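Have a look at the structure below, then the notes.
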Amino acid sequence: MNIKNYINGEFKNPILDNWIDNYNPSNGIIYGQIPDSTKEDVENAYSAAKSAFSSWSQTTLEERSRILIKISELLEANLQRFAEAESKDNGKPVSLAKAVDIPRAASNFRFFGNAITQFASESHESVGQQAVNYTLRQPIGVVGCISPWNLPLYLFTWKIAPALAAGNCVVAKPSEVTPMTAYLLGEICNEAGLPKGVLNIVHGLGGSTGQAIVEHPNIKAISFTGGTATGAHIAKVAAPMFKKLSLELGGKNPNIIFADCDYEDMLNTTVRSSFANQGQICLCGSRIFVEQSIYDKFKSDFVNKVKALKVGHPSQKDTNIGALVSKPHLEKVKEYIQIAKDENGTILCGGNEVTITNYENGYYLEPTVIEVQNDNCRVNQEEIFGPVVTIMPFSNEDQVLQMANKVKYGLSATLWTNDLKRTMRMSNQLQAGIVWVNTWMMRDLRTPFGGVKASGVGREGGFEALRFFTEAKNVCIKY
Ligand code: TXE
């Protein structure tokens with residue numbers, strides 16, 4: 001199946017008629033093609049967005065809200081179709097796409113459809129100066145949203161929904177590896193009555209189509225989620241043009257387990273935080289640190305649970321771990337398993353590719369647990385972004401805090417303990433944008449979301465996202 005660009009409410013072939021193969025990770029088969037869009041396609045998307053802006057930015061908040069909530073409802077009504085499409089494109093279990101990805105995409109539209117009606121700005125009376133200041137929060141204009149392959153529609157809409165709610169028009173590009181649900185979203189936007197040109201979706205490679213969005217002189221803000229190296233490159237290109245930037249990048253998140261935690265809850269959640277979505281979530285707790293006194297027990301219980309996870313075809317109901325997203329990504333993850341061996345890490349379980357009958361060319365890998373000798377090794381420092389976690393013991397709070405913070409990333413951290421004082425001390429000192437205590441990936445869309453250090457700049461979520469997608473203008477009136 002060939003997918004098309006969505007420009008000015010219409011589905012269009014790329015101008016130069018160049019196409020990229022789209023693979024199904026569960027069987028390695030090319031099942032369609034996607035536009036290899038050029039600068040000219042991006043320019044057409046920009047022109048459509050620019051033409052739509054004066055009207056959309058003046059559309060009442062109630063009307064914008066109504067349309068966004070309609071999109072949300074239509075996504076919910078098409079849950080099965082979208083979940084199957086996401087799974088086929090990405091390799092994740094259909095059950096996961098159905099429980100997490102598509103409902104969350106719908107929530108993103110509903111949340112920001114509601115949030116915009118509550119978004120307020122300040123006024124300051126300048127006492128004694130007979131003046132009043134008020135702040136206008138105006139949409140930026142045409143903005144760019146670029147998203148990755150791991151949570152395709154979930155992260156695509158996490159950017160688009162606040163951008164649209166705030167009154168911007170959008171040129172968006174999903175990952176070329178997982179373009180399908182973004183394509184289907186176009187149909188839904190038309191059905192929901194989103195005016196033509198308000199949202200434009202161009203497909204293509206990062207280095208050409210994505211680059212054209214970032215380089216476009218009149219696309220004034222870029223919201224990007226993806227790899228840290230790409231984020232650094234985008235920042236370099238955008239800086240001389242003074243674009244607003246929100247960068248949500250990689251992570252290498254610590255999962256810190258103290259002996260006083262609720263053990264069963266911790267164990268079950270740790271299996272999830274390690275391997276959900278084949279470990280391809282920037283929030284996965286990929287470095288597990290366990291207090292010495294329970295280390296041996298944890299090691300044995302955890303490994304037994306991980307061995308029981310079923311690697312299988314994404315459409316099978318009992319599959320826990322589906323296929324990795326692409327052949328190159330599978331190769332990258334396998335390389336890290338080799339690096340672990342070279343560094344004298346011990347593979348406690350997993351480490352091998354899995355062959356599934358009838359789907360022999362799919363990209364399947366066993367969930368892998370590596371015991372490391374020290375926290376400086378490469379598998380403990382570099383983002384692997386696959387079904388691979390490291391474990392090692394620690395002896396005290398100071399030591400684990402130091403190890404937790406000793407990576408270049410700072411996205412999230414998970415802490416398992418029932419000691420309140422320790423929770424407060426550690427939450428204050430962990431270098432991360434998000435700290436989960438006795439839970440993982442529990443999300444409230446009102447909260448600020450993002451990372452520190454090489455995990456990015458800026459915050460998404462709630463009013464933070466609406467602030468990002470608006471310019472504040474101070475008006476000072478003397479009376
Ligand atoms: O990401 P890229 P990739 C990490 C993870 C993974 C690595 C690379 O470690 O192995 O990044 O993944 C677009 N100008 N994360 O290669 O390349 C690209 O087309 C503009 C973490 O998929 O960063 C895609 O739409 N855009 C991450 C998006 O950027 C460009 C999730 C992300 O692609 C571009 C995914 C350019 N020059 C991977 N180059 C997370 N934090 O969740 C690429 N793109």
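If you're wondering where the values come from, they're calculated on a predicted model, not measured in any experiment. One-based numbering, in listed order, for ligands and for the atoms of each.
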Next on the checklist: Using a 3.5 Å distance criterion without hydrogens, assess whether the side chain of Thr368 forms a donor-acceptor pair with backbone atoms of Glu366.
Outcome noted: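 Judged by distance alone, yes, a pair lies under 3.5 Å.
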Which of these, [options], has its nearest heavy atom closest to [atom]?
| atom | options | result |
| --- | --- | --- |
| atom 32 (C) of ligand 1 | Thr225, Ile222, Thr230 | Thr225 |
| atom 1 (O) of ligand 1 | Gly386, Cys284, Gly227 | Gly227 |
| atom 38 (C) of ligand 1 | Phe156, Phe385, Phe224 | Phe385 |
| atom 43 (C) of ligand 1 | Gly210, Gly206, Gly226, Pro328 | Gly206 |

Only heavy atoms of [X], strictly under 4.0 Å: list the atoms of ligand 1 that pass.
| X | value |
| --- | --- |
| Ile146 | 13 (C), 20 (C), 25 (O), 26 (N), 28 (C), 29 (O) |
| Pro148 | 31 (C), 35 (C) |
| Pro174 | 25 (O) |
| His233 | 37 (N) |
| Gln211 | 14 (N), 20 (C), 36 (C), 37 (N) |
| Val214 | 20 (C) |

Checklist entry - Heavy-atom contacts under 4.0 Å between His329 and ligand 1: side chain, backbone, both, or neither? => result side chain
Checklist entry - Under a 4.0 Å heavy-atom limit, does Ser147 contact ligand 1 with its side chain, its backbone, both, or neither? => result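 Just the backbone.
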Looking only at protein heavy atoms, which one is nearest to [atom], and how far off is it?
| atom | value |
| --- | --- |
| atom 18 (C) of ligand 1 | Glu176 OE1, 3.6 Å |
| atom 3 (P) of ligand 1 | Trp149 NE1, 3.5 Å |
| atom 10 (O) of ligand 1 | Lys332 NZ, 2.7 Å |
| atom 9 (O) of ligand 1 | Glu383 OE1, 2.7 Å |

Next on the checklist: Are any of the N/O atoms on Leu249, whether in the backbone or the side chain, positioned under 3.5 angstrom from an N/O atom of ligand 1?
Outcome noted: yes
Next on the checklist: Taking a cutoff of less than 4.0 Å between a non-hydrogen atom of the residue and any ligand atom, is Gly456 in contact with ligand 1?
Outcome noted: no
Next on the checklist: Within this structure, what is the CD-CD distance for the pair Gln402 and Gln429, rounded to the nearest 0.5 Å?
Outcome noted: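 Gln402 atom CD to Gln429 atom CD measures 11.5 Å (nearest 0.5 Å).
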With no hydrogens and no angle check, do the side chains of [X] and [Y] hold a donor and an acceptor under 3.5 Å apart?
| X | Y | result |
| --- | --- | --- |
| Asn90 | Thr178 | no |
| Ser147 | Lys159 | no |
| Lys88 | Asn24 | no |
| Asn200 | Tyr46 | no |
| Asn108 | Arg104 | yes |

Checklist entry - Side chains of Phe302 and Val389: does their closest heavy-atom pair fall under 4.5 Å? => result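 A side-chain contact exists here, since the closest heavy-atom pair is under 4.5 Å.
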Next on the checklist: Run Arg110 and Glu76 through salt bridge (Lys or Arg N to Asp or Glu O under 4.0 Å) and show every step you take.
Outcome noted: CA-CA 11 Å; Arg110 174 167 286 113; Glu76 279 163 354; 2.9 Å; yes
Next on the checklist: Does Lys244 have more than 12 heavy atoms from other residues, nucleotides or ligands lying within 6.0 Å of its NZ?
Outcome noted: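 Check passes, neighbour count above 12.
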Checklist entry - Given the protein's heavy atoms, is any one of them under 4.0 Å from atom 27 (C) of ligand 1? => result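 Protein heavy atom within 4.0 Å of atom 27 (C) of ligand 1: present.
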Checklist entry - Do the two ring centres, one from Tyr6 and one from Phe11, sit under 6.0 Å apart? => result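 Yes - the distance between ring centres of Tyr6 and Phe11 falls below the 6.0 Å cut-off.
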